[in-house]
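Let me begin by presenting the structure, written as structure tokens, before commenting on it.
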Protein chains: 2
Amino acid sequence: MKTIEQLLESKNIRVTAMRLLIYKFLAEKEIAVTLSDIENAFEKADRTTLYRTIKTFEENVIVHQIDDGTGITKYALCEEGCNCDIKNDLHLHFHCNNCNETICLTEHKIPQIKVPDGFVSENVNLVVKGICDKCSG
Amino acid sequence: MKTIEQLLESKNIRVTAMRLLIYKFLAEKEIAVTLSDIENAFEKADRTTLYRTIKTFEENVIVHQIDDGTGITKYALCEEGCNCDIKNDLHLHFHCNNCNETICLTEHKIPQIKVPDGFVSENVNLVVKGICDKCSG
DNA sequence: ATAATTGATGCAATGGAAGTGCAATTATTA
DNA sequence: TAATAATTGCACTTCCATTGCATCAATTAT
Ligand SMILES: [Mn+2]
Ligand SMILES: [Mn+2]
Ligand SMILES: [Zn+2]
Ligand SMILES: [Zn+2]
């Protein structure tokens, strides 16, 4: 079990207070967050710093981007040992139409999708919308 | 085989020159188009009119919206007899990473996606990215 | 036919999110 | 300590989506 510091160092990312805070924030949430979610959580910090921090995380496969169709990009921590950079490792995302939260269903791998002759599938984005467990209870 | 006029009238949408032109434009294209694609095709017309026309079409299930992950909303005509408003009729979309075109693969229905207990699936967005038939040839 | 009403269009402005240039600050290395 | 490199903050920009309001056109009522 790596510490956050070790994780960052292993990817040659300098350990800064901001990066640790944002990482912890993401780790505590179990849902995908937008940049403005982060912004609201860290009002003292500048938006650009938050933006660049999350981009640094993204480039280094610490978080992955989620396009859930709301038009606003969301981010979530990659799982231990996930291979978000490798096309076939993609998992399913669920967007709740009631509470508007988006979560990673990391257990649910995306089924193989057949495409017509001549088409080459490189990667797949699958978002299921509906009512989440908390809202359907 | 309905004329465009009949289609519009059947949905209580007034037949205007602009609406006919935009409908024909969409019908000629076999790919999904952005608002600025339409804008470029009708430089004399105002963007707002084009925008509202497409929104009118969307509300009346004449076109459907496609979120292919490029960040820009695209639109395509609904098929004859399609039920885009009914959740299970959704089809697959393919986005080409080479030519950047997005097309409807209307023949390819989305497989049933299982979600965990407590979750209710209402609708699914599935976008496959890769190389299209024209670009892979 | 004319007036009243409703809807369509055009212009201007707004808002939100994403992204960039540059200067200032902070951390690392020489 | 000095030189260097990376991070942060501020201001600004761009792009797309959306709205308010005035005007214009079409439909309906008188
Ligand atoms: Mn995820
Ligand atoms: Mn389609
Ligand atoms: Zn919910
Ligand atoms: Zn292509």
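The chains referred to below are lettered A, B, ... by the order of the sequence lines, with proteins before strands, and numbering in each begins at 1. In this text the structure is predicted, and so the values were computed from the model without any measurement.
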Residues forming a salt bridge (Lys or Arg N to Asp or Glu O under 4.0 Å) with B:K114, sequence neighbours excluded: none
Nucleic acid contacts of residues 29-48 of chain A, taken as heavy-atom distances under 4.0 Å to DNA chain D: A:D46, A:T48
Contacting residues from residues 4-27 of chain A, given that a heavy atom lies under 4.0 angstrom of DNA chain D: A:R14, A:T16, A:M18, A:R19
Salt bridge (Lys or Arg N to Asp or Glu O under 4.0 Å) partners for B:E58, two or more places apart: B:K55
Degree of bending in the helix from C:dA1-D:dT30 to C:dA30-D:dT1 once both end axes are built from five pairs, to 10°: 10°
Contact list for residues 17-29 of chain B, test salt bridge (charged side-chain N to carboxylate O under 4.0 Å, His left out), sequence neighbours left out: none
Rounded distance (Å) that lies between atom C1' of D:dC16 and atom OH of B:Y75: 10 Å
Residue pair A:T56 / A:I13, side-chain heavy-atom distance below 4.5 Å: yes
Of all pairs that satisfy salt bridge (charged side-chain N to carboxylate O under 4.0 Å, His left out), the ones with a partner from residues 31-47 of chain A, not counting sequence neighbours: none
Residues which pass side chain to side chain contact (heavy atoms under 4.5 Å, CB included) with B:H108, listed by chain and number, not counting sequence neighbours: A:P116, B:L92, B:L105
Length of the NZ-P vector between A:K55 and D:dT7, whole Å: 16 Å
Set of side chain to side chain contact (heavy atoms under 4.5 Å, CB included) partners for A:I72, sequence neighbours left out: A:T34, A:T70
Atom pair CG/CD1 of B:L21 and B:I38 - distance to nearest 0.5 Å: 11.5 Å
Heavy-atom pair of closest approach, residues A:V61 and A:K11: O-NZ, 3.9 Å
Separation of atom CZ in A:R52 from atom P in D:dG9, rounded to whole Å: 10 Å
Working for side-chain contact (heavy atoms from CB on, under 4.5 Å), residues B:I62 and B:L26: CA-CA 10 Å; B:I62 291 170; B:L26 291 167; over 6 Å; no
Interatomic distance, A:I54 CD1 vs D:dT8 P [rounded to whole Å]: 13 Å
Donor-acceptor pairs under 3.5 angstrom involving side-chain atoms of residues 125-137 of chain A: please list them, not counting sequence neighbours.
residue : atom : partner : partner atom : Å
A:N125  : ND2  : A:D67   : O            : 3.4
A:K129  : NZ   : A:D68   : O            : 3.1
A:K134  : NZ   : A:E101  : OE1          : 3.0
A:S136  : OG   : A:C132  : O            : 3.4
A:S136  : OG   : B:G118  : O            : 2.5

Range on DNA chain C touched by chain A, heavy atoms, distance below 4.0 Å: C:dA17 to C:dT28
Pairs meeting criterion ring-ring contact (aromatic ring centres under 6.0 Å, His included) with involvement of residues 31-62 of chain B, two or more places apart: B:F25-B:F42
Validation row, ring centre B:H93 to ring centre B:H95 under 6.0 Å: no
